[in-house]
> 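Take a look at this one; I'll ask things after.
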Amino acid sequence: MPKHANAVIVGAGAGGGVVAKELAAAGLNVVLLERGKWYSAADCRKDDLCNQRTSVLGAKFGPDEDRNPRVFVDEHGRESIVNPSDGAYSNNAACVGGGTFSYGAQAWRYMEKDFRMRSTYGAVPGSTLEDWPIGYDDMEPFYEKAEWELGVSGDDSGNIFKAPRRKSLPMPPLAPGKEHAILEPAAHRLGLHPFHIPMLRNSVPYNGRRSCMRCRWCVGFACEVSARNGTHNTVIPTALATGNCELRTECMTREILLDHSGKATGVAYYDAANRLQVQTADLVIVSAGAVESARLLLNTKHRLFPNGLGNRYDWVGRNLQGHSYTGANGIFDFDTFDDIGPGATIAICDYNHGNAGLAGGGMLANEFIRLPIHYVTSLPPWVPRWGIEQKKFVRQYYQRTVVVFGPVQEMPVFEARVQVDPKVKDAWGIPVARLSGGRHPHTLEIARFLAGKADAWLKAAGANRTWPRVPGPGLSGGQHQAGTCRMGNDPKISVVNRDCRLHDVDNVYVIDASVHVTNGGFNPVLTILANAYRASSNLLHAWKGSKVPA
Amino acid sequence: MPSACIGSWWEPEVRRRTFLGAGASVAVAGSLAGCATGGAAGSWRFFTSSEARTVDAVCEQFIPADRDPGAKSAGVVHYIDIQLTKAFRKHRQAYRQGIAHIDSMSREKFGAGFADLLPAQQAEILHALEQNSRPFFQLILAHTWQGFYGDPRHGGNRHRASWKMVGLDYPPLRGRQHYEGA
C-alpha cells in the first residue's frame, strides 16, 4: 500500500493543480491523482479532427473514447450511452492540466455582481439563482495571485465596468490583429468600451517560457511552444519541485474511503495497470471537474451517507451549468482574416449587467481562429446545406467572416444534474455519470438579447450580412461545466461551505468549478484558479495535523 | 510497405490513393495486398468496390469539382473508408444499409446504381434521401466535410485541396519545436 499522505487530491486540472502546489509548498505531503496522461508541448500534432475543440476522431487530451462512457438523457427523456467525442458527453479533458492544457486561456475575473446574482436581480422563477457565500473582495487577492503565478497578458484598462484591481496584469497584450482593428473603432462608434482580452498566454517571455508564436492552432490543441499557461506547466511542476508532491497519472479514483464515524481515510483508485490501490490521507480534495467530482461523491456510499457523500439534502450533482454561447457571424466585402493566432483579442463588458428586464448578461468577444473544418459547420442559413453553392460560399467568405460571441451567465436549474447511472459502468466497473435536464428559458432570453448586440457590432464594423448564433434549450455543461457541489452557508441548500469543505465531513474538500454558485458571464478558469488559492489558504490556516515527511 | 497502410504525417496514403480512380483499383490491388482488410478488389478497408463508387459519387454531389477539386479528387471516400475501421466503427452498419438504400432508390427511380446516374438524377436522389433518411444523410454529409476540409493525414483533402481553395498556407513556417528543439 502506498505511504500515508497528508492530502490526496483527485484531479490535476485547474483546481487540483493549484491546491497541490499550495499544500506542497507549505510542507504537506501531497499525492496528486490524475486519470489521464501527462502531455507536453511535443504532443502538439495540430490534428484538426482529433483535439479538444473538434473531437470527431476522438478527444486527443482525454478521456479515451472506449473506457469512459456516460449516459445522456435528452429533453424527451430518451437515454443513450455517449462517448467523449460526442457533444452530449459534456467533455472537458482528462490529462495533467485538465482543460488548461488545451484551452483558449481567456483569464477573466468575475465582476462584483457575479457573486451577488440573487441580491442584484431577485428570485428568478424556476431557477436556483443564489448569491455566493463570498464576495469579489474575498477573491481579489487570489485573482491577482493566479494572474502573476501562472501569467496573464492583456490590458483591461479600457474596461470601465471591471471590478477594482490592486495590481495590473503582469504582461502586455499581444499585438492586435486585423479583426481587432476592424472591431475596435466600430465599438467606439457605438459608444461601447472595447479592450484587450486578458489571456493566460505569454505575450513576452515569462516564467522561463517563451512568448506566443501566433499560430493558427490554439484552442483545443497543445501549445507547441508552451507559451500558453495552464497548471501543467506552472503550479504542478512547482509542486513537484518542492519534493512534497507525488503525481500519479492514469489513476482512476473509484471512491472516497470513510471510517465508521464517517471521516475520510483516503481514496481507492485503479492505477495505470488497473490494480486497485488505496491511498490513505488526512485530507481528501476532490478536484475532478463538475461532472466527475459529483460522480465521485455520489459513488461514495456509507451507512451514514446512503445517497452519497455530501448528499444528505440531495444537492450533489444539481445545478449543472456551463455557458450558453451566443452571438453573431458577419460576412464582409474585404478580407478580415490574417492567420495570426490566437484570434480572439478584443472584448466588451458593456452587456454583462444592467440590461433592462434581464437578470445579467455576458461578455462579448471575437472568436478564435476558425480552421476550415470549423468554418463549414457554421454557415449561414441561406446557404444550401450541400452542393456547389455551399462550396463557392466557403471559398468566397472563409477569409471574410468575423464572429462575435460570448458566454451568457446561466440561470441555474435544479433539474439540470449529474447522477450516477444505475446500470451502466465504465471499464473499471464504476457506475458512470448520468446527465439530464436543460437550460432555463431566461438564459435563452438573455442569449437572444446578446446575439442582437453582437449583430449590431458586426454591422457597425461593416458586415454586409449577418446571421445569429444562439443556443438551444438542451443541457449545458461542456468545458465550462460548473455548479454541481454548490458553495453556501446553509447545509440544506448547498454541498460545501465557504472554505469548500463538505458540510457533512470535515476532512473532505471540493475545489474546482463544482462549487461555483453561478458561473459568471465569462470563461471560468481564472475564478477556478483564484478560488483554489483562496480555499488552500483557508485550509492551511485551519490545518492542525502533523506533517508527514516526504 | 506498412507506411502506406497507416498513413504518415504529411501526405498519408498518397501512393495508394493515387491509384484509386473509379474502377482503377482492381488493377493495382496486387501491389497493395498487405493493406487489404476486405473487399475482393483488395484495396478498400471496409467498402466493397461498388459501395466505394456510390459513396464517392455521393460525396462529389455534396462538394462538386469546379475550378477547385471536388470531393472525388480530394479522396474523401478514402477518409471515410479508413475511419470506418477506426473511429467510425460504430457507423459500419449505418453505411452498409445507407449505401444499399441509396442504390435501391436509384434503381427504382432511374434504373441504375447511384454512381451511374446523371448528376441531376443524383441530386434528386440526395434531396429525397435528405427527407426520408435524415440520420444517415447527416452522417455522410458530416463525414464528407471532415474528409474534404480536415487534415490530409486522415486520408482525405488530398494535396490540401480545400486549404488551397480558401487560401491557407500549409505547412506554416512558424513553430516545429519538436523537430528543431526548443
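Residue numbers begin at 1 in each chain, while the letters A, B, ... track the order of the sequences. Just so it is clear, the structure is predicted and the values come from calculations on it, not from any experiment.
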> Going by atom types only, do B:Thr54 and B:Asp103 share a side-chain donor-acceptor pair under 3.5 Å?
yes

> Is chain B contacted by the side chain of A:Phe337, its backbone, both, or neither, given a heavy-atom distance below 4.5 Å?
side chain

> Is A:Arg209 reaching over with its side chain to a backbone N or O of A:Ser226, donor-acceptor style, under 3.5 angstrom?
yes

> Under 4.5 Å, heavy atom to heavy atom, which residues of residues 68-94 of chain A contact chain B?
A:Asn83, A:Ser85

> Using modelled atom types only, decide if a donor and an acceptor are shared between the side chain of A:Trp38 and the backbone of A:Thr249 within a distance under 3.5 Å.
no

> Would you please test A:Asp339 and A:Arg216 for salt bridge (Lys or Arg N to Asp or Glu O under 4.0 Å) and show each step?
CA-CA 6 Å; A:Asp339 200 13; A:Arg216 195 188 293 160; 2.9 Å; yes

> Counting heavy-atom pairs under 4.5 Å to chain A, which of B:Pro64, B:Ala71, B:Gly70 comes out on top?
B:Pro64

> Of all the residues in residues 369-389 of chain A, which have a heavy atom that comes within less than 4.5 Å of a heavy atom in chain B?
A:Pro372, A:Ile373, A:Val376, A:Thr377, A:Arg385, A:Trp386, A:Gly387, A:Ile388

> Looking only at atom types and distance, does a side-chain atom of B:Ser133 sit under 3.5 Å from a main-chain N or O of B:Phe136, one as donor and one as acceptor?
no

> Backbone N or O of A:Thr234 within a donor-acceptor pair of the A:Thr238 side chain at under 3.5 Å?
yes

> Say whether, by atom type as modelled, one donor and one acceptor occur between the side chain of A:Asp421 and the main chain of A:Val424 under 3.5 angstrom.
yes

> For this output row, return yes or no: ring centroids of B:Phe137 and B:Phe62 closer than 6.0 angstrom.
yes

> Looking at B:Asp66 and A:Lys392, does any basic side-chain N land under 4.0 Å from a carboxylate oxygen?
no

> Are there residues of residues 87-99 of chain B whose heavy atoms fall under 4.5 Å of chain A's heavy atoms? If so, which?
B:Ala87, B:Phe88, B:Lys90

> Under 3.5 Å, side chain of A:Glu367 to main-chain N/O of A:Val403, donor-acceptor pair present?
no

> Go through A:Thr54, A:Asp66, A:Val394 and name the one with the most non-hydrogen pairs under 4.5 angstrom from chain B.
A:Val394

> Strictly distance-based, threshold 3.5 Å: is any side-chain N or O of A:Asn233 a donor or acceptor partner for the main-chain N or O of A:Gly230?
yes

> Could you tell me which residues in residues 109-130 of chain B have at least one non-hydrogen atom under 4.5 Å from a non-hydrogen atom of chain A, sorted by residue number?
B:Ala123, B:Leu126, B:His127, B:Glu130

> Thinking salt bridges, do A:Arg67 and A:Asp64 make one under a 4.0 Å N-O criterion?
yes

> Classify the ring geometry of A:Trp217 against A:Phe221: parallel below 30°, tilted from 30° to 60°, perpendicular beyond 60°.
perpendicular

> Taking the side chain from B:Asn157 and the backbone from B:Gly150, do they hold a donor-acceptor pair closer than 3.5 Å?
yes

> Ion pair present between A:Arg45 and A:Asp47, side-chain N to carboxylate O less than 4.0 angstrom?
no

> Please state whether the rings of A:Phe101 and A:Phe61 are parallel, tilted or perpendicular, taking 30° and 60° as the class boundaries.
perpendicular

> Can you tell which part of B:Gln83 gets under 4.5 Å to a heavy atom of chain A, answering side chain, backbone, both or neither?
side chain

> Can a donor-acceptor pair be found, under 3.5 Å and without considering hydrogens, that links the side chain of A:Arg400 to the backbone of A:Thr336?
no

> Look only at the side chain of A:Asp48 and the backbone of B:Asp151, and say whether a donor-acceptor pair between them is shorter than 3.5 Å.
yes

